[in-house]
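Written below as structure tokens is the structure these notes are about.
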Amino acid sequence: MSTNPFDREVRRKLKNYESPVSPDLLEKVLVRRQRRVAPFHSWGFRALFFGLLIFGGLAVWYGLLPNESREEVPVPKQKKSELRQPLAFFENQQEADLPEAVESVVEQNVFDREEKTVFSENSQTKAIAPKGNEHLKQARREQGTRSDVSSSGVVAEQILAPDAGKEKSVWLGHQEGEKIPTEMAAEQRSASSDELTEGEAESIFLPTALLWKLPKEAKLGPRKFPLVPGPRCADFEQGVWQFFFDFTFSPDFALRSIRPKDEQSVPLALKRLETESAKQSYSLGTTFSLVSPGGMSFRTGFAYAQINERFAYQGDTEERIIISIIYDDQGQIIGTDTSYESYTPYYASSNVYRLFDIPVLFGYQLDLKKFALTFQGGTYINLFLAPEGTFFSPELQPVSFDEIPAFRKRASLSLAVAFGVNYRLNPRMSLVFEPKFRYFFSPITTKDYLLEQQYMVVGLNLGAKLRL
Amino acid sequence: MTDRELIEGCIREERACQEELFRRYAGKLLSICRRYARHEMEAEDLLQDTLIRIFDHLDKFEYKGSFEGWMRRIAVNTALKNCNRIGFRKESIGIDAGQDQVVDPEAVSHLSEEELLHLIRELPEGYRLVFNLYAIEGYSHKEIAEMLDIKEGTSRSQLVKARKMLQDKIQALKTNYYEHKSF
């Protein structure tokens, strides 16, 4: 605590001084508090928010998870002895369950081409499994227990790579006691110098689980081994409904128009145009998209948008007297110097308009190999939350938004158009770049207010899209 | 109604208790806000923010010290949160400390509270904050340095400058008063 006599006197004077308070200030405080509490601090909103967060987190986790870690075919250890000819590469492997034999390798670049996965019990193509991991599930069904495997043979996987009429394939596993296709292929090679003619199948045998164990640099003889199952090519499924989850953030710019309803309101409109200006706005949201086999899409979800503006004005010019005290060399006052100074006080604050949006968009999605182009249009259902800020009253005095019922509270609609590019990081996850435009059909002001305040918003959605 | 009853009623969101709390303390809190704010509008905004924070955190008051002191600290913290601290770094350090006692403390007592508040509000932001915190709220330079993220030396120099500037203003007001009176 300061012991300086001057400080002490100031403290004594001001410490318990009570300034006169406007009696309606408590009402304003309680209203502000109530608005702030709902909806953001309500339990319902929290539950929804955390629900979305958990859902988003799970979706991201699922999207980032490599395909092979979701489904893995167990390796039957007792089959190791049944596998033939240890492969040099696998001899160095430490894992006990790693099978050690591969029959032969013919084809070198299977993954350069579009691939299909086929399963067979008898080293023959039996059925074409759907894309994704269905074949692995089928493999499990077919394997049953280990004894089943040993009794009925190892389930084989064949990867076919059709290319200009030449069928190339990779066979994985073999049937006990059966002459395996590579042996037949080798016999054919030795029998004929005209090897690998068009339409001839090229085969390699590997236990199914080996697919997940092989490093990329694995080499078989002079050729680079290509059987590592990732990264995969774009995995777009024609003929299947697709479901997407998006999370986007968008820096926005809000274009505002203020129109007076009559001539008497023109000065107010001019004053507001003069004192309010646009600032950087933003929006963020999560949406769910359903895309038909033909590429038609429907998109809906939740979004929060915030339009920010700056309110600044200069007050009336005032005059103040400045009296400078003149000291001599010993610090004694020898006189004063009086001057007058004009100054203009400057006030600035931020105005914030908040919206909770529900987009209802229809559009088209064109899938290319690594990209997808989207075009969407529709409406946003806009729920306006209480705006905060300062503006000029009809009496041309700066007042808080709370003091004049200028902004309506009911929902409205806005037109939305977006053209986007999705860049595929992997079959499940894409990055989203989506310029967008929104036009609000109706003003955000009440019918009784003297001006009509309306918005258009342009922005760029940036985010991630996950295929579910 | 005791402070405890008042607090418990406000926690239960009873309107009568909220009104009573407002009636008892809003004036004092507004005086604090006015000392830190640049103009009346900002002071009123600060008071609103302070009251919202008080109502929100009443359940955290542990009845260990004065309730009024607790609310004053909230008001000061709210004001500090709002102030522009960049001003400190631009102001130079160092002043002739021997010249800080140019006005008789008694001169202060001749001013009204409103006049004194007005003069304090005319101080530059850095001066005003340090003077308020040190001379009126009673914080040490070390505490002020931590609160404002400045050096202790800066706090000291700002205080001396603030005190001198305030004394000059009081002196000027006094001189002006006598000049007018002589007419």
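First the proteins, then the strands, lettered A, B, ... as listed; each starts at 1.
- Chain A forms the most heavy-atom pairs under 4.5 Å with one residue out of B:D49, B:I32, B:I120, and that residue is B:D49.
- Contacts with chain A were tallied for B:R35, B:R23, B:Q18; B:Q18 has the most, counting heavy-atom pairs under 4.5 Å.
- Side-chain contact between A:F6 and B:I170: present, with at least one pair of heavy atoms (C-beta onward) separated by less than 4.5 Å.
- Salt bridge status for A:R11 with B:E137: absent, with no side-chain N to carboxylate O gap under 4.0 Å.
- Heavy-atom neighbours of B:H118 NE2 from other residues, nucleotides or ligands within 6.0 Å: at or below the threshold of 12.
- Between the CD atom in A:E9 and the CG atom in B:L116 there is a gap of 9.0 Å [rounded to 0.5 Å].
- Residues in residues 8-33 of chain B take part in these ring-ring contact (aromatic ring centres under 6.0 Å, His included) pairs, two or more places apart or across chains: B:Y25-B:F67.
- A salt bridge links A:E27 with B:R15; the closest basic N to acidic carboxylate O contact falls under 4.0 Å.
- If you measure heavy-atom distances from A:T390 to chain B, the contacts under 4.5 Å come from the side chain alone.
- Scanning both residues, B:A135 and A:D7, for their nearest heavy atoms gives CB-CG, 3.6 Å.
- For the atom pair CG of A:N4 and CG of B:L159, the computed distance is 8.0 Å after rounding to the nearest 0.5 Å.
- Taking the side chain as every heavy atom from C-beta outward, B:L51 and A:L25 approach each other to under 4.5 Å.
- The backbone N or O of A:S19 sits less than 3.5 Å from a side-chain atom of B:S31, completing a donor-acceptor pair.
- Neither the backbone nor the side chain of A:R8 has a heavy atom closer than 4.5 Å to any heavy atom of chain B.
- Interatomic distance, B:E19 CD to A:L26 CG, rounded to the nearest 0.5 Å: 6.0 Å.
- To the nearest 0.5 angstrom, B:Q48 atom CD is 6.0 Å from A:K28 atom NZ.
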